[in-house]
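Fair warning: this is a prediction, and the values are worked out from it, not measured in the lab. Below, chain A is the first sequence line, B the second, and so on; all start at residue 1.
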There are 2 protein chains.
Amino acid sequence: MNTLPDKTVERLSQYRRNLLICKGKGKTHIFSHEIANIHHITPVQVRRDIMLIGYTGTLRKGYNVEELVTLIGEILDKQEGQNVAIVGAGNLGHAIMKYFHDRRDKLSIAAAFDTSEEKVGSEFDGIPIYHIDDLQTVIKEKNISIGIVSVPVEVAEETSKALVEAGVLGILNYTPRPMNVPDNVYLEEYDMITSLEKVAYFAKIMNEK
Amino acid sequence: MNTLPDKTVERLSQYRRNLLICKGKGKTHIFSHEIANIHHITPVQVRRDIMLIGYTGTLRKGYNVEELVTLIGEILDKQEGQNVAIVGAGNLGHAIMKYFHDRRDKLSIAAAFDTSEEKVGSEFDGIPIYHIDDLQTVIKEKNISIGIVSVPVEVAEETSKALVEAGVLGILNYTPRPMNVPDNVYLEEYDMITSLEKVAYFAKIMNEK
DNA sequence: TCAATTTTGTTATTTATTGAACACTATTCA
DNA sequence: TGAATAGTGTTCAATAAATAACAAAATTGA
């Protein structure tokens, strides 16, 4: 299987989540236009995404929800599972821990890191919080391959370095400072301030018309 | 001024943030390749973004930091300012409040909403927390035009309806449920689970090579 | 003073992503 | 039984975004 387009990967993740809800409601089959409606995109887009992962539906019945969910899992997930660490257990870190915990069986948050004396040693939602100084050891010990960075911006750079050195393969950066990682580490950055300023800009524009 | 490309708007917001840091360090001029390095993009991209907003630098001196910041402000910001509301004062809501508070003078978080009895009536970081039932009134009273949604997914849909009805022009949706808003409201959605699954997928792929 | 260099502004090309078009077939229903 | 319909799979066209290419001008330094 060749590497899928970025956007297709994002949509597959979203399809899966909603397909699971449909399955929970007892739906066994679903049409491309139903999936499209949920996500506010076109049915063509849905069909093509599904084509790209090599699944094929039944004519006039649509796609088998269960099979599709399973296949998306085979594509997106690593079968042995992947462990995730959250660096920075502030409000954002806690929000993420709550969000993810026990949601996905192939993706589990195995550790959080912080510097605050009161947090270190405790648990949140069953996730142990370690001191940042132990990052290298814990990441290797727990076989963690993905790091989520929600530290204050001042320590963003050193955090990325530490994660790379510890050997993670993917980083999700929530600080506003762009990171610099080697080619063999996948980096995804998200900046809340930018998002808000973007909404503000387009809301303003909208108003001017 | 015609409406700028999506991605250019995002980058302008990021340029500005880093330009302010440069300005703070006493830098008066900056080259396109310096900006590019900070953001890990090409100098051409930077120059074209700047071209699109109609600014022009000095040959061999680069761009005047102060002027550029001012111009980006004129493009992105609404001169009278815009007020923002956060709906859902859980961990994520608090993270956002902390993040933004007093960062931008033209964009201010004027209210937060929640249902929890203990939170309602209190303040966080100087931002008053109201009961969701008062959303319509407060949004109109305080002239709020942008809503950030960080409520539990189950109430995402009703929240979007309430915001639209209250007359906001832009919504930033942090719940994983896609929203449905009329054409005259700008909607930006961000889904953390998708981001993490995307990182996990590409980290996996990376590893397989 | 005048070639060399640096860095901008802009156009042209390429690549990525989305959307439109359409052929094909299982089912429906007259 | 045999048109009509609904919905898939796929190719082709349009749009959006990023990169490459290059002309023009200010500065440098011989």
Within 6.0 Å of NZ in B/Lys23, more than 12 heavy atoms from elsewhere: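 12 or below, so no.
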
Results of salt bridge (Lys or Arg N to Asp or Glu O under 4.0 Å) for A/Arg177 - residues two or more places apart only: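 A/Arg177 satisfies salt bridge (Lys or Arg N to Asp or Glu O under 4.0 Å) with no other residue.
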
Terminal axis angle for the helix from C/dT1-D/dA30 to C/dA30-D/dT1, five pairs an end, nearest 10 degrees: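 So the angle between the two local helix axes works out to 10°.
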
Pairs satisfying side-chain hydrogen bond (donor to acceptor under 3.5 Å, both in side chains), at least one member in residues 82-94 of chain B, at least two apart: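 Listed once each, the pairs are B/Asn83-B/Ser108.
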
side-chain hydrogen bond (donor to acceptor under 3.5 Å, both in side chains) contacts in which one or both residues fall within residues 160-175 of chain B, not counting sequence neighbours: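 Qualifying pairs, neighbours excluded: A/Tyr190-B/Tyr174, B/Asn173-B/Thr175, B/Asn173-B/Glu189.
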
Where at least one partner belongs to residues 133-166 of chain A, residue pairs that pass ring pair (Phe, Tyr, Trp, His ring centres under 6.0 Å), sequence neighbours excluded: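 Of all non-adjacent pairs touching residues 133-166 of chain A, none passes ring pair (Phe, Tyr, Trp, His ring centres under 6.0 Å).
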
Quick one: salt bridge (charged side-chain N to carboxylate O under 4.0 Å, His left out) pairs with a partner in [range], sequence neighbours left out?
| range | answer |
| --- | --- |
| residues 31-45 of chain A | A/Lys27-A/Glu34 |
| residues 140-154 of chain A | none |
| residues 43-56 of chain B | B/Arg11-B/Asp49 |

Main-chain N/O of A/Asp77 paired to B/Lys204 side chain as donor or acceptor, under 3.5 Å: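 Indeed, once roles are kept as given, a pair shorter than 3.5 Å links the two residues.
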
Short side-chain to backbone donor-acceptor contact, A/Ser145 and A/Leu169, under 3.5 Å: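 No; judged by distance alone, with no hydrogens or angles, the pair does not exist.
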
Interatomic distance, A/Leu107 atom CG to B/Leu196 atom CG [nearest 0.5 angstrom]: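 A/Leu107 CG to B/Leu196 CG: 4.5 Å, rounded to 0.5 Å.
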
Interatomic distance, B/Glu10 atom CD to A/Tyr201 atom OH [nearest 0.5 angstrom]: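 OH of A/Tyr201 is found 12.5 Å from CD of B/Glu10.
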
Nearest-Å distance for atom pair NE2/P, residues B/His29 and C/dT7: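 Taking atom P of C/dT7 as the reference, NE2 of B/His29 is at 13 Å.
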
Separation of C/dT7 C1' from B/Ile50 CD1 (nearest whole Å):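 Checked: the CD1 to C1' distance equals 12 Å.
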
Side-chain atoms of residues 65-73 of chain B: list all donor-acceptor pairs with protein atoms under 3.5 Å, sequence neighbours left out, distances to 0.1 Å.
{"from": "B/Glu67", "atom 1": "OE1", "to": "B/Tyr55", "atom 2": "OH", "distance (Å)": "2.7"}
{"from": "B/Thr70", "atom 1": "OG1", "to": "B/Glu66", "atom 2": "O", "distance (Å)": "2.8"}

Under 4.0 Å protein heavy-atom contact, by nucleotide of nucleotides 17-30 of chain C - B base, S sugar-phosphate only: SBBBB---BBB---

Segment of DNA chain D, first to last nucleotide, that comes within the 4.0 Å heavy-atom reach of chain B: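 Span of nucleotides near chain B: D/dA17 to D/dT27.
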
Strand contacts (DNA chain D) in residues 182-191 of chain A, 4.0 angstrom heavy-atom criterion: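 DNA chain D contact set from residues 182-191 of chain A: none.
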
